Amino acid sequence: MHKQLTVWLFSVILAGLTFADVQEGDAFPAFKIPTLDGKVLDTAQLTGRVLYVDFWASWCTTCKESFPILSELNTELQGTNVFFLGINTDEDVALANKFLLKTPVNFLNVSDRTQKIVEFFQPKGFPTAYIVGKDGIVHTVKAGFAGKAKTKALLLELAAQ
């Protein structure tokens with residue numbers, strides 16, 4: 001019950017746009033955000049999955065290097081209940097779409113062009129990954145990219161729990 005209350009409180013705080021600085025051990029907040037193709041994702045629908053949530057920007061050189069690897073991992077981990085989500089932070093969605101044309105991926109990307117989600121999470125650079133266990137708790141926050149082997153091992157470990 002405490003965990004549900006915590007998730008609800010984070011949702012209310014996020015709706016009010018209060019700064020939070022999401023860290024390891026925190027409940028992953030539920031929020032609604034537009035996808036790059038104009039639909040809306042409600043992260044509450046992702047409950048019970050392992051999440052790899054990657055904050056990125058079109059100008060980020062590390063993102064350009066990590067995205068093909070994340071796409072490979074998404075393919076390799078199909079059927080393990082792991083969900084990859086990219087949160088683009090560019091104010092101009094066209095920049096994100098241009099980036100994805102040059103660096104295509106097979107996982108969902110959303111647009112935080114208003115910077116509200118970024119302000120709430122306060123990532124320490126781009127990319128920053130938030131890896132969330134099936135219990136909805138942020139297990140790891142990683143600025144930069146840990147590499148394919150380490151990332152895959154951690155995601156498989158969390159999926160097995």
Side-chain angles (χ1 to χ4, degrees), residues 10 14 20-37 39-78 80-159:
F10 270 104
L14 187 56
D21 190 14
V22 176
Q23 299 180 20
E24 294 174 4
D26 290 344
F28 187 79
F31 55 89
K32 293 180 181 177
I33 188 168
T35 62
L36 291 177
D37 62 2
K39 298 175 183 169
V40 175
L41 171 68
D42 182 350
T43 61
Q45 298 172 334
L46 303 176
T47 302
R49 296 181 181 184
V50 173
L51 305 178
Y52 185 98
V53 180
D54 191 63
F55 282 86
W56 65 280
S58 62
W59 47 263
C60 170
T61 56
T62 303
C63 301
K64 187 175 183 175
E65 295 169 11
S66 66
F67 263 42
I69 298 167
L70 293 175
S71 197
E72 288 174 19
L73 285 171
N74 187 42
T75 299
E76 292 173 17
L77 297 175
Q78 284 184 351
T80 62
N81 210 19
V82 175
F83 188 87
F84 287 82
L85 175 65
I87 299 181
N88 176 262
T89 59
D90 290 307
E91 292 177 12
D92 183 353
V93 176
L95 294 173
N97 287 324
K98 184 177 177 182
F99 175 95
L100 291 172
L101 282 175
K102 292 180 181 178
T103 312
V105 295
N106 61 3
F107 55 88
L108 181 63
N109 278 275
V110 296
S111 172
D112 184 26
R113 65 181 185 85
T114 63
Q115 305 290 303
K116 291 177 182 176
I117 306 302
V118 170
E119 289 173 4
F120 186 80
F121 276 79
Q122 297 185 21
K124 306 300 183 235
F126 298 108
T128 294
Y130 291 78
I131 300 174
V132 182
K134 290 186 281 188
D135 60 359
I137 303 300
V138 177
H139 182 276
T140 302
V141 178
K142 172 67 177 140
F145 182 59
K148 184 175 181 178
K150 286 183 181 180
T151 301
K152 183 175 184 177
L154 176 58
L155 293 171
L156 286 171
E157 176 187 332
L158 291 172

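Please read these numbers as outputs of a predicted model, since none were measured by experiment.
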If you measure from [atom1] on [X] to [atom2] on [Y], what distance do you get to the nearest 0.5 Å?
X    : Y    : atom1 : atom2 : result
E157 : I131 : CD    : CD1   : 10.5 Å
L36  : R113 : CG    : CZ    : 11.5 Å
T128 : W56  : OG1   : CH2   : 14.0 Å
F126 : C60  : CZ    : SG    : 8.5 Å
I117 : T89  : CD1   : OG1   : 12.0 Å

With distance as the sole test, does [X] use its side chain to make a donor-acceptor pair with the main-chain N or O of [Y] at under 3.5 Å?
X    : Y    : result
K124 : Q122 : yes
S111 : P34  : no
D112 : K116 : yes
N88  : V93  : no

Would you mind reporting whether [Y] and [X] have side-chain heavy atoms less than 4.5 Å apart?
X    : Y    : result
F84  : L77  : yes
L155 : T80  : no
L70  : V105 : no

* Report the C-alpha separation of H139 and L154 in whole Å, then their side-chain angles, then the decisive distance to 0.1 Å, and conclude whether the side-chain contact (heavy atoms from CB on, under 4.5 Å) test is met. => CA-CA 10 Å; H139 182 276; L154 176 58; 3.5 Å; yes
* Asked: So which heavy atom on V132 is nearest to which on G136, and how close?
  ->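 Closest pair (atom of V132, atom of G136, distance): CG1-C, 3.6 Å.
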* Is the count of non-hydrogen atoms from other residues, nucleotides or ligands lying under 6.0 Å from K64 atom NZ greater than 12? ->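 Counting other residues, nucleotides and ligands, NZ of K64 stays at 12 neighbours or fewer.
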* Asked: Has K98 got more than 12 heavy atoms of other residues, nucleotides or ligands less than 6.0 Å from its NZ?
  ->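 No, the 6.0 Å shell around NZ holds no more than 12 heavy atoms from other groups.
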* **CA sep, side-chain torsions, deciding dist, call: V22, V141, side-chain contact (heavy atoms from CB on, under 4.5 Å)** => CA-CA 9 Å; V22 176; V141 178; 5.8 Å; no
* Does the gap between the ring centers of F99 and F67 come in under 6.0 Å? -> yes
* To do: Run the numbers on F28 and F121 for ring-ring contact (aromatic ring centres under 6.0 Å, His included), then give the verdict.
  => CA-CA 10 Å; F28 187 79; F121 276 79; 5.6 Å; yes
* **Plane angle bin for F55 and Y130 - parallel if under 30°, tilted between 30 and 60°, otherwise perpendicular** =>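 Rings of Y130 and F55: perpendicular, as their planes differ by over 60°.
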